[in-house]
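Note sheet for the following structure.
These values consider heavy atoms only, across backbone and side chains, with no hydrogens, waters or symmetry-generated copies. Since the model is a prediction, treat every value here as computed from it, not as a measurement.
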Amino acid sequence: MGLVFKADSELRKDAKRIKEIIENKVDYINSLTAEEIQQLAQKQFPELLQKKEKEVQEEADFIREIIEEHNRTGRFDGKVHTRFPPEPNGWLHIGHAYSINRNYNFAFEYRGKFNLRFDDTNPLTEEEEFVESIIKDVLWLGVDYEDRLLFASDYFDQLYEYAVQLVRKGLAYVDDSSVEEIREMRGTITEHGQESPYRNRPIEENLDLFERMKNGEFKNGEKVLRAKIDMSHPNMLMRDPIIYRILHASHHRTGDKWCIYPMYDWAHGLEDSIEGITHSNCTLEFEVHRPLYDWYIDQLEDEEGNPIHHSQQTEFAKMNLSYMVLSKRNMRMLVEGGYVNGWDDPRMLTIAGMRRRGYTPEAIRNFSLAINFTKREKLIDMSILEHYIREDLDKRCPRVMSVLNPLKLVITNYPEDKEEVFSVPNHPSDKSMGTREVKFTRNLFIEKEDFMEDPPDDYYRLSPGKEVRLKYAYFIKYEDTIKDEITGEIKEIHCTYDSETKGGESPDGRKVQGTIHWLSADNALKVEVRQYDRLYTKENPMDTEEGKEFKDYLNPDSINIIESYVEPFLKEKESGSRSQFERNGYYVIDIEDSSKENLVFNRIITLRDSWGKK
RNA sequence: AGUCCCAUGGUGUAGCCUGGAAACACUCCGGACUUUGAAUCCGGUACCGGGAGUUCAAAUCUCCCUGGGACUACCA
């Protein structure tokens, strides 16, 4: 304020003149069109147009609101403890990554904890192999469960004790009915169920029978333990749900200790309770299970007779991606039908597949956090995922030259035995990535598609009569095309170079429209390149037309293996290392099939291409 | 058919509780810049499922309708 006053008094005498000048300027500005203002700004004040550092926006989703509400009311004493509870019976995919990342992020943001817990309650379908692959995947994603690698099977004793408690309270009974009988008596969505004839067995008898179930006195399917709730409940799950079934099967962790195993609804909420989970987030199909989840927990008490910890279950919608199917069933068909090469095929959006494809955990995380938890079903456009992948790769990948589909180019006025070495930057904007040396010789390779005999007007690259820049090297001018006399196929292109343009700049200020990449034919390294593309050609392959199935929408060009050339130093890179092949895309050295003798690159993703699209 | 859930540009989300000129990201279309037709930067097109009601004012509150989804495994 003081400053304004001072200026005001000093300038008062000129006030009239200043007012006039300002008015003129305002009139002038008002006379401009929006486009003119924009052009002026871009020319004279580009810094004004720089985007402001974005304020870190608080992620907002409905589960966060629930957490905030709990924090306000003190329901969990301000604690946040989430978990990811996979069943070890399959491979994790990007949908799981979404859930893992977001659940982990809740814990991270609220300084809480995150558990990895295997929900291993069904020995018939679960295998140790999946435990290992899931742990590997979760760690790769970069989430930290500290020392909380947990297993539901570790709680089997406690779960059994809780069940005994329920029986003692008269809230559970042993039922001798067969699967069919139980199914029949359950009723339907619109009809009430009927009570089992065993429903009113005395507590002592139930206790005895349940213990004998545990001791292995009965065969599979002979008896089950059921909760006594309400056979006419509109929610089918509340019609005396099964708590334990008899399964004489060996468990991957508990061996043959148990022959009764808890059902999902019984086990899951109690696992959450035992671990002190505050926010148990799961997918929408479990919404109807919540009343049962709550009911079980509400009936039980600890040794002192206090209610047991009650987590809040909240359901969110699964994530679906366009041009992909993420269901376990569909993925299994792809693998078993041989449409892809295993669960870690780089075309699969399994975590293992993405790791092999070269996607980064950071990109997957950014993507996951961008797609909020909601309750509405979604089919996310693949381009959103691709955006986050490119965004991360652009920052981190050193640039390198490659020639995917080679065309020989001879610089006719360049001496046969001459060899030059150019020092070129590894990244156009990140100087800290340093430089490397690239050899230049008379015989080169360029990309087939960088030459056209009869190009359209807006073709920037090499063509008869055109001069282009070989990136980091020289300007070259077209001279001649050598063709196979019989087939007419283009064998090589002859050009001349301008020695004055070393490094790619012309001293006379002459400009070229196109810049193309190249490789010295005498020094290039031959490698295998796997050009991957989307697996499906249809946005939603599950939305099948009459008489078609998902297979009909598989992209026949989802993989294309070619022999290509790259800069020789890549031989020294480790598998899994990523580069941008300039103008071609991002590539990673395959972690399975690549070797020093036969380098194999996977195309992670193409560059955006505003020319190719036209 | 019973219970429950959902509905904002092309896609994904914010805004709804606490009514007041619908915002962000991606895609798309233009433009600036460019030794990657990349990146970066600027601009543009385009949205509240429908109908009543309450109100000065409704994406927001109320009611009805429509559309989509979940649930009838000794799976999770």
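Among the atoms of the strands shown, only primed sugar atoms or phosphate atoms (P, OP1, OP2) are found under 4.0 Å from some heavy atom of A:Ile380. Counting any heavy atom pair closer than 4.0 Å across all strands shown, A:Pro262 reaches sugar-phosphate atoms only and no base atom. Using a 4.0 Å heavy-atom cutoff across all strands shown, A:Lys378 reaches sugar-phosphate atoms only and no base atom. If you check every strand for non-hydrogen atoms under 4.0 Å, A:Tyr459 touches a base. Note on A:His233: nothing from the nucleic acid sits closer than 4.0 angstrom, heavy atoms only. Base engagement by A:Ser177 is indicated by at least one non-hydrogen atom pair under 4.0 Å involving a base atom. A:Arg186 comes within 4.0 angstrom of sugar-phosphate atoms only, judged by non-hydrogen atoms across all strands, and of no base. The residue A:Asn235 sits apart from the nucleic acid: no heavy atom pair falls under 4.0 Å. Across all strands, A:Glu87 comes closer than 4.0 Å only to sugar-phosphate atoms, never to a base (heavy-atom distances). Residue-level contact check: A:Thr125 touches neither bases nor backbone, having no heavy atom under 4.0 Å from any strand. Counting non-hydrogen atoms under 4.0 angstrom, A:Ser322 reaches nothing in the nucleic acid.
Candidate nucleotides B:rA7, B:rG15, B:rU72 were compared by shortest atom distance to the side chain of A:Glu65, and B:rG15 ranks first. Checking B:rG12, B:rC71, B:rG15 against every side-chain atom of A:Ala60, the shortest atom distance belongs to B:rG15. Relative to the side chain of A:Leu379, the nucleotides B:rC75, B:rC28, B:rG12 differ in distance, and B:rG12 lies closest. Comparing B:rC75, B:rU36, B:rU13 by their nearest atom to the side chain of A:Met263 picks out B:rC75. Comparing B:rU11, B:rU72, B:rU36 against the side chain of A:Pro428 picks out B:rU36 as the nearest. Distances were taken from every side-chain heavy atom of A:Leu607 (C-beta onward) to each of B:rC26, B:rA38, B:rU3; the shortest belongs to B:rA38. Closest to the side chain of A:Arg583, out of B:rC75, B:rG37, B:rU27, is B:rG37. Listed candidates were B:rA76, B:rG2, B:rA38. Nearest to the side chain of A:Thr190 is B:rG2. The nucleotide whose nearest atom lies closest to any side-chain atom of A:Arg376 is, among B:rA14, B:rG2, B:rG37, B:rA14. Distances from the side chain of A:Arg461 to the nucleotides B:rA14, B:rG37, B:rU27 place B:rG37 closest.
With A:Tyr323 as the aromatic partner, A:Arg534 meets the cation-pi criteria of under 6.0 angstrom to the ring centre and within 45 degrees of the ring axis. Under a cutoff of 6.0 Å and an axis angle of 45°, A:Lys477 and A:Tyr497 do not form a cation-pi pair. Relative to the six-membered ring of A:Tyr586, A:Arg390 misses at least one condition, a distance below 6.0 Å or an angle of at most 45° to the axis. Taking the ring centre of A:Phe475 as origin, the terminal cationic atom of A:Arg469 falls outside the region bounded by 6.0 Å and 45° from the ring axis.
Between the A:His252 side chain and the A:Glu127 main chain, no donor and acceptor come within less than 3.5 Å of each other. A:Glu222 contributes a side-chain N or O that, together with a main-chain N or O of A:Lys219, makes up a donor-acceptor pair within less than 3.5 Å.
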Query - Contact state string [nucleotides 65-70 of chain B, B base, S sugar-phosphate only, - no protein heavy atom under 4.0 Å] - result: ---SSS
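When only modelled atom types and interatomic distance are considered, A:Glu582 and A:Ser402 share no side-chain donor-acceptor pair under 3.5 Å.
Using a 4.0 Å cut-off between a side-chain N of Lys or Arg and a carboxylate O of Asp or Glu, A:Arg583 and A:Asp450 qualify as a salt bridge.
Under 4.0 angstrom from either OP1 or OP2 of B:rU36 there lies no side-chain N or O belonging to A:Arg608.
The gap from the C1' atom of B:rA21 to that of B:rC47 amounts to 16 Å, rounded to the nearest Å.
For A:His427 against B:rA39, a side-chain-to-base donor-acceptor contact under 3.5 Å is absent. Residue A:Gln580 places a side-chain atom within donor-acceptor reach of the base of B:rU36, judged by atom type and a 3.5 Å distance cut-off alone.
Between A:Trp266 and A:Tyr296, the ring centre distance stays below 6.0 Å. Two rings, from A:Phe286 and A:Tyr264, have their centers less than 6.0 Å apart.
Here A:Tyr264 does not lie in a stacked arrangement on the base of B:rA76, lacking the combination of planes under 30° and ring centres under 5.5 Å apart.
Near RNA chain B, meaning a heavy atom under 4.0 Å away, the residues from residues 222-230 of chain A are A:Val224.
Between A:Val174 and A:Val224, the closest side-chain pair of non-hydrogen atoms is not below 4.5 Å.
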